[in-house]
Amino acid sequence: NGLLFSDALAGKLAPLMGRGKAHDLVEHASMEVRRSGQHLRAFGLTAPEIAQPDLQAAWASAFDLNAAIMSGNGATERAASAIRAILSQL
């Protein structure tokens, strides 16, 4: 249902509409998602409250996992490098 992304969504919307309004919108969207079974991302595609292109772009970007994956990839590579260095000394 996408509710896992609600904090990221509020964070993306806050600079554009203010923190309080962003949190209120995400809370409303979350209640609607729980009621309807619709995915949170899909709600944003049809919600009149975020019809503006900048809000639509922010909404969509909250569900983009590429940054998190790439960040995790870097951390994994650093850990693997440290393990290789330790194993080379054994």
Novice: Suppose we screen for side-chain hydrogen bond (donor to acceptor under 3.5 Å, both in side chains). Which residues come up paired with Asp64, at least two apart in sequence or across chains?
Specialist: Asn66
Novice: What closest approach, in Å, do Ser30 and Ser6 show between heavy atoms, and which atom pair accounts for it?
Specialist: OG-CB, 4.2 Å
Novice: Strictly distance-based, threshold 3.5 Å: is any side-chain N or O of Ser81 a donor or acceptor partner for the main-chain N or O of Glu77?
Specialist: no
Novice: Taking the side chain as everything from C-beta on, heavy atoms only, tell me whether Leu16 gets closer than 4.5 Å to Trp59.
Specialist: no
Novice: With heavy-atom distances below 4.5 Å as the criterion, would you say the side chains of Leu40 and Leu9 are in contact?
Specialist: yes
Novice: When the side chains of residues 43-56 are checked against the rest of the protein, which donor-acceptor pairs come out under 3.5 Å, sequence neighbours left out?
Specialist:
{"from": "Thr46", "atom 1": "OG1", "to": "Phe43", "atom 2": "O", "distance (Å)": "3.3"}
{"from": "Gln56", "atom 1": "NE2", "to": "Gly44", "atom 2": "O", "distance (Å)": "2.9"}
{"from": "Gln56", "atom 1": "NE2", "to": "Ile50", "atom 2": "O", "distance (Å)": "2.8"}

Novice: About how many Å separate CG of Asp24 and CE of Met17, when rounded to the nearest 0.5 Å?
Specialist: 9.5 Å
Novice: Check the hydrophobic clustering (I, L, V, M, F, W, Y; side-chain heavy atoms under 4.5 Å; chains of links allowed) and say if Leu13 and Leu65 are grouped together.
Specialist: yes
Novice: CZ of Arg19 to NZ of Lys21: how many Å apart, nearest 0.5 Å?
Specialist: 16.0 Å
Novice: Tell me, which pairs form a ring pair (Phe, Tyr, Trp, His ring centres under 6.0 Å) where one or both residues lie in residues 3-23, sequence neighbours left out?
Specialist: Phe5-Phe63
Novice: Which atoms form the tightest heavy-atom contact between Lys12 and Ser61, and what is the distance?
Specialist: CD-OG, 3.5 Å
